[in-house]
Amino acid sequence: MKYTQLGRTGLKVSRLVLGTMNFGPLTNEADSHTIMDAALDAGINFFDTANVYGWGENKGRTEEILGTWFAKGGDRRDKVVLATKVYGNMGGDGAAWPNHDKLSALNIRRAVDASLKRLQTDHIDLYQFHHIDRDTPVEEIWQAIDTLIQQGKIIYAGSSNFPGWKIAQTNETAHRLGSYGLVSEQCLYNLAERRAEMEVIPAAQEYGLGVIPWSPLSGGLLGGVIKKEVQGGRRASGRAADALAGATTRAQVQSYEDLLDKHGIEPGEAALAWLLTRPGVTGPIVGPRTLEQLESALRAVELELSEEVLSSLDEIFPGPGPAPEAFAW
């Protein structure tokens, strides 16, 4: 496994991030523990989750699965850089009960204590805002975060799904208040969705945030989906199926798969390896449902894409270009 610093911090994290969103809804507890053991054995030390994972009536279930894994001992917790998130409504009855969501100081305090209990740990290494909160002043958010840091409940704060202007506003406010500010941004970024290159990633680089791409395979679109359909395997679903319904996207994906087949490269591994070449990227989040999927992701760390392949990928999935030149001059 290869490691890098998380943004401007001194924290060393693996170039792959283990995403846990499938743990609970799609992967049972025992298999989830097996995958986490294998990830740790392979050197992945960066685990990502969120308080709402488990979804529906099972919100919090994924954090509980991590908690029972940590409780097994063997230095599991000490070896892991643990990241979770706050924003989604965690009202016990499923209703949008006031003050059980978003980023008020009250909800942040409530949410972090609940996550610590489910995770069976005394601190969270990276506490991430799952979405921007248009109602809560940034000053209030930092007041709550700084209190948690002083209490030893969290170490760093990060963002997720923030636009570039919000990263700038949040860190400028932190600077004014004497707070350390955001150290990471978790954003939607992959070959098929490159709009983050215009504003989000440049802002993250300017303010010293590590970029953590989620959905690196674009919901399966970049994982060899057409080949799997032809071979009678699992058909595309969700976002990937919607995207493939468009003739232009289907042609792009077919060209992508043909290119990689020509070079003997697995599509899913190429998509991850491409992200590892991108400026500002700390490491993509991989969310395996099975050990086989984890093993495929691990191979991507060692995969070096040639200049020919990288150029061809840019031709198939062109980026938006830098701002403001992409839309002005």
Side-chain angles (χ1 to χ4, degrees), residues 1-4 6 12-28 31-50 53 62 65-66 69 76 79-83 126 160 184 186-193 210-225 227-228 233-234 236-240 253 256-257 260-261 263-278 280-305 309-310 313 317:
M1 181 52 59
K2 298 175 183 178
Y3 300 88
T4 189
L6 179 61
K12 293 182 180 179
V13 294
S14 50
R15 293 301 315 271
L16 287 182
V17 185
L18 182 70
T20 62
M21 189 169 65
N22 289 322
F23 296 173
L26 297 177
T27 306
N28 64 37
D31 289 344
S32 299
H33 285 192
T34 298
I35 291 171
M36 286 188 280
D37 280 333
L40 200 61
D41 287 344
I44 296 178
N45 75 335
F46 200 2
F47 287 22
D48 177 76
T49 190
Y53 289 173
T62 303
I65 290 174
L66 268 77
W69 183 73
R76 285 175 170 84
K79 292 177 179 177
V80 168
V81 174
L82 174 62
L126 177 62
S160 181
S184 63
Q186 189 176 135
C187 60
L188 175 60
Y189 184 37
N190 54 58
L191 268 167
E193 176 49 86
V211 175
I212 308 169
W214 61 267
S215 193
L217 303 189
S218 191
L221 187 69
L222 302 173
V225 63
K227 182 178 180 179
K228 291 175 183 176
R234 187 165 63 93
S237 60
R239 188 187 304 119
V253 174
Y256 167 73
E257 293 188 14
L260 298 175
D261 185 60
H263 289 273
I265 304 172
E266 287 297 319
E269 294 169 20
L272 291 172
W274 177 82
L275 280 170
L276 291 170
T277 71
R278 304 306 299 165
V281 169
T282 299
I285 296 175
V286 296
R289 296 188 307 276
T290 64
L291 272 176
E292 289 75 20
Q293 290 178 344
L294 174 63
E295 290 165 357
S296 175
L298 289 168
R299 288 193 291 272
V301 178
E302 302 299 327
L303 177 60
E304 293 189 12
L305 301 176
V309 170
L310 289 171
L313 290 174
F317 295 109

Report task. Look only at the side chain of Tyr189 and the backbone of Pro284, and say whether a donor-acceptor pair between them is shorter than 3.5 Å. Result -> no
**Report entry** Sub-6.0 Å ring centroid separation between Tyr53 and Phe23
**Finding:** no
Query raised in the report: Among Leu26, Ile35, Leu294, which residue meets the side-chain contact (heavy atoms from CB on, under 4.5 Å) test with Arg289?
Result: Leu26
Query - Check: Ser215 main-chain N/O paired with Asn190 side-chain donor or acceptor under 3.5 Å - result: yes
Query - Polar side-chain atom of Glu193 near backbone of Ser218 as donor-acceptor pair, under 3.5 Å - result: no
Report summary line: Nearest heavy-atom contact between Ala270 and Ile265 is CB-CG2, 3.8 Å
Report summary line: Sorted by chain and number, sequence neighbours left out, side-chain contact (heavy atoms from CB on, under 4.5 Å) with Lys79 holds for Leu40, Asp75
Query - Sidechain-backbone polar pair: Asp31 side chain, Leu291 backbone, donor-acceptor under 3.5 Å - result: no
Query raised in the report: Hey, is the main chain of Gln186 close enough, under 3.5 Å, to the side chain of Ser160 for a donor-acceptor pair?
Result: yes
Report task. Ignoring hydrogens and angles, tell me if any N or O in the side chain of Arg15 forms a donor-acceptor pair with the backbone of Val301 under 3.5 Å. Result -> no
Query raised in the report: Between Leu191 and Tyr256, is a side chain to side chain contact (heavy atoms under 4.5 Å, CB included) present by the stated rule, with each step listed?
Result: CA-CA 10 Å; Leu191 268 167; Tyr256 167 73; 3.8 Å; yes
Query raised in the report: Within the distance-only criterion (no hydrogens, no angle test), does the side chain of Glu266 pair as donor or acceptor with the backbone N or O of Ala300 below 3.5 angstrom?
Result: no
Query raised in the report: Do you know the tightest heavy-atom contact between Ala297 and Val286?
Result: CB-CG1, 3.8 Å
Query raised in the report: Can any side-chain N or O of Thr20 pair as donor or acceptor with the backbone N or O of Asp48 at less than 3.5 Å?
Result: yes
Query raised in the report: Are more than 12 heavy atoms from other residues, nucleotides or ligands located less than 6.0 Å from atom CD of Glu304?
Result: no
Report task. Output, in order, the C-alpha distance, side-chain angles, deciding distance and verdict of side chain to side chain contact (heavy atoms under 4.5 Å, CB included) for Ile44 and Leu18. Result -> CA-CA 7 Å; Ile44 296 178; Leu18 182 70; 4.1 Å; yes
Report task. Flag the pair Arg299 and Glu269 as a salt bridge only when some basic side-chain nitrogen lies within less than 4.0 angstrom of an acidic carboxylate oxygen. Result -> yes
Report task. Examine distances only and state if a side-chain atom of His33 and a backbone atom of Ile65 form a donor-acceptor pair shorter than 3.5 Å. Result -> yes
Report task. Go through Ser14 and Asn45 one step at a time and tell me if the side-chain hydrogen bond (donor to acceptor under 3.5 Å, both in side chains) criterion holds. Result -> CA-CA 6 Å; Ser14 50; Asn45 75 335; 3.2 Å; yes
Report task. Check the pair Phe47 / Ile285 against side chain to side chain contact (heavy atoms under 4.5 Å, CB included), numbers first and verdict last. Result -> CA-CA 9 Å; Phe47 287 22; Ile285 296 175; over 6 Å; no
